[in-house]
Amino acid sequence: MATDLTLNQQKALREIVGYIRRERLAVGTRLPEWTLAKLTGTSRSPIRVALDHLVTTGVVRYDKNRGYSVLADAAQLASDVVDEVNAADDPLYLQVADAHLQRRLAESVTEADLTRMLGASRADVRRVLVRAQAEGWAEREAGYGWRLLPMIDSLEAYDDMYALRLAIEPAGLLSPKFKPNMQELAELRSQQQAILDGVHQSATERFESNARFHEAIAAWSGNRLALQALRRLDQLRRLAEYRQAREDLPRAALAREHLEILDAIEQGDSIAAASLMKRHLSGARMKKTNDAVFKADQQRAAPRPRLIASHGRSEFQAHAPRRGSYGQAFQVPFERAFARDGLGHTVQSNISLLR
C-alpha cells in the first residue's frame with residue numbers, strides 16, 4: 001500500500017507515475033534513478049523505494065543489468081494503481097484540512113483530540129499531521145500536541161495573496177538577472193500540455209504542478225527573496241487550493257496560458273512574458289476569488305463548535321472564530337522564514353508596507 005510509504009516516498013511515487021502518464025512512455029522505456037531524482041527534486045533513496053513499489057504493482061519492471069523500465073502501457077494503467085497513487089488525497093487528510101480552513105479546529109490540538117473527534121486511529125491521525133507539518137500548516141508542540149498554523153482562509157486574504165503575486169511575478173520576468181533553464185522549461189511545458197490534453201490529476205497533483213510552474217519562473221529571476229516569498233505564499237494557499245479543486249474551473253484555459261508564457265520566455269521576449277503573466281494572474285484572481293470556497297466567512301459573526309484541547313480531553317464549546325489568522329499568516333511565518341537568513345527586519349518592514 002502507498003500509505004505505508006513515507007511522505008517523500010509517496011511524493012516520489014506520485015511524480016513517477018505522473019511522469020509515465022504525462023510523457024506517455026512506451027513499454028520498455030528505461031527509468032534511470034538519477035533522472036527521476038532530478039525530475040522530482042529529491043534524492044535517489046525515495047525514488048528507489050517508489051520504483052520497487054511500482055514493480056510490485058506491475059507498472060515497472062526491474063532487471064539487474066538494465067535497471068528499471070516501464071512495464072505497463074501509460075494510457076492503460078490499472079485504475080487501482082492510479083487510485084493508490086492518488087491516495088495522498090485521502091478522505092481523512094481532506095477532512096482535517098477542510099476543518100482547519102473553516103476554523104472549526106482549535107489552534108492547538110492533541111492526537112487524542114482528533115482521534116476522538118474524527119473516529120480514526122491514532123496512527124492515521126498522526127500520519128495526517130506529519131503530512132501537514134511537511135506542507136507547512138502544522139508544527140509539533142510538547143508531548144502529543146500539535147499547533148495548526150494560520151493559513152489563507154478568507155476571501156480578503158486570498159485576494160491580497162493575488163495582489164502580492166502580481167507585484168512579484170511579472171517583475172521577476174523583467175529582471176536583468178532573469179535566465180531561464182531550458183531543460184526545466186521543457187519539463188514544465190510537458191506538464192502543462194498533459195493538463196491541456198486532459199490527463200487526470202488529483203487535487204494534490206494539480207496544486208503541485210501549478211506551484212512548480214510559478215516557482216520555477218521565480219527561480220529563473222535570480223531573486224532569492226522573491227522565490228522564498230512565493231514559496232511561502234504557496235504554503236499559505238495550499239488548503240484553499242485543495243478546495244478550489246472542487247470548483248468547475250477552466251483548467252485547460254489556465255494551462256494554455258501557462259504554455260503561452262513559456263513560449264514567450266523561450267523566444268526571449270521577457271516583456272511579452274511579463275504581460276502574459278500579469279494577465280494570467282489577474283484572470284485567475286477573478287476566476288478563483290470565489291465566495292463558495294470561503295463559506296466560513298459568511299458565518300464569522302455566529303458562534304460555532306470548536307474543538308478545545310484541555311489536559312488531554314476533548315470538549316465542544318460555542319466559540320467565535322480565532323482572531324487575526326490572516327495578519328499572523330502573512331507576518332509571523334514570513335519573519336520565521338527569513339530570520340535564518342538574517343533578514344527579518346527588512347521583510348517585516350516590507351510586509352507592513354504591503355498590508
Side-chain angles (χ1 to χ4, degrees), residues 1-18 40 42 45-46 49-50 52-54 56-57 78-151 153 200-208 235-236 238-246 296 304-317 322:
M1 292 292 291
T3 52
D4 296 332
L5 305 179
T6 68
L7 288 171
N8 281 339
Q9 292 162 359
Q10 287 182 26
K11 182 178 185 293
L13 183 66
R14 288 199 308 273
E15 295 281 2
I16 294 169
V17 173
T40 60
T42 186
S45 178
V49 172
D52 287 339
H53 181 82
L54 290 173
T56 66
T57 61
S79 59
D80 58 336
V81 173
V82 177
D83 289 344
E84 184 181 13
V85 171
N86 290 341
D89 291 345
D90 68 85
L92 184 63
Y93 169 84
L94 293 177
Q95 187 178 357
V96 173
D98 228 24
H100 178 42
L101 188 64
Q102 294 180 20
R103 306 179 187 179
R104 291 188 281 108
L105 295 177
E107 293 179 3
S108 181
V109 296
T110 66
E111 294 175 10
D113 289 329
L114 292 178
T115 296
R116 284 189 289 268
M117 177 185 180
L118 301 170
S121 71
R122 177 72 72 88
D124 285 341
V125 167
R126 184 179 297 115
R127 173 173 48 80
V128 167
L129 290 169
V130 169
R131 177 180 171 186
Q133 181 183 35
E135 293 179 348
W137 56 275
E139 63 182 16
R140 288 183 183 273
E141 293 184 326
Y144 294 98
W146 290 82
R147 179 175 174 78
L148 302 181
L149 302 176
M151 304 292 289
D153 56 6
H200 173 74
Q201 288 185 320
S202 68
T204 300
E205 289 174 314
R206 282 195 291 271
F207 174 80
E208 291 177 351
Q235 285 183 320
L236 291 172
R238 179 182 287 271
L239 301 190
E241 294 296 332
Y242 286 168
R243 296 189 74 193
Q244 288 279 11
R246 304 172 192 172
R304 54 186 166 175
R306 180 181 179 187
L307 183 64
I308 305 297
S310 176
H311 305 293
R313 293 184 298 110
S314 185
E315 302 172 1
F316 283 91
Q317 175 181 340
R322 60 179 180 261

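Bear in mind that the values here come from a model prediction, so they are computed numbers and not experimental data. Scope of the values below: all heavy atoms of this structure, side chains included, with no hydrogens, waters or symmetry mates.
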D52 side-chain N/O to V49 backbone N/O, donor-acceptor pair under 3.5 Å: no

I need the single residue from E139, E141, E111 that forms a side-chain hydrogen bond (donor to acceptor under 3.5 Å, both in side chains) with W146. Which is it? E111

Do L114 and V128 come close enough that some side-chain heavy atom pair is under 4.5 Å? no

Nearest heavy-atom contact between P46 and A12 is O-CB, 3.9 Å

Which pair of non-hydrogen atoms, one from L105 and one from V96, has the smallest distance, and what is that distance? CD1-O, 4.0 Å

Between atom CZ of R122 and atom CZ of R116, what is the distance when rounded to the nearest 0.5 Å? 8.0 Å

Would you call L129 and R126 a side-chain contact if the rule is heavy atoms closer than 4.5 Å? no

OG1 of T110 to CE of M117, rounded to nearest 0.5 Å, is 12.0 Å

Between T57 and L54, which heavy-atom pair has the shortest distance, and what is it? OG1-O, 3.0 Å

Side chains of Q9 and L13 in contact at under 4.5 Å (non-hydrogen atoms): no

Are R140 and V130 side-chain neighbours, meaning at least one heavy-atom pair lies under 4.5 Å? yes

Considering all heavy atoms of both residues, which atom of A120 and which atom of T115 are nearest to each other, and what is their separation? O-CG2, 2.9 Å

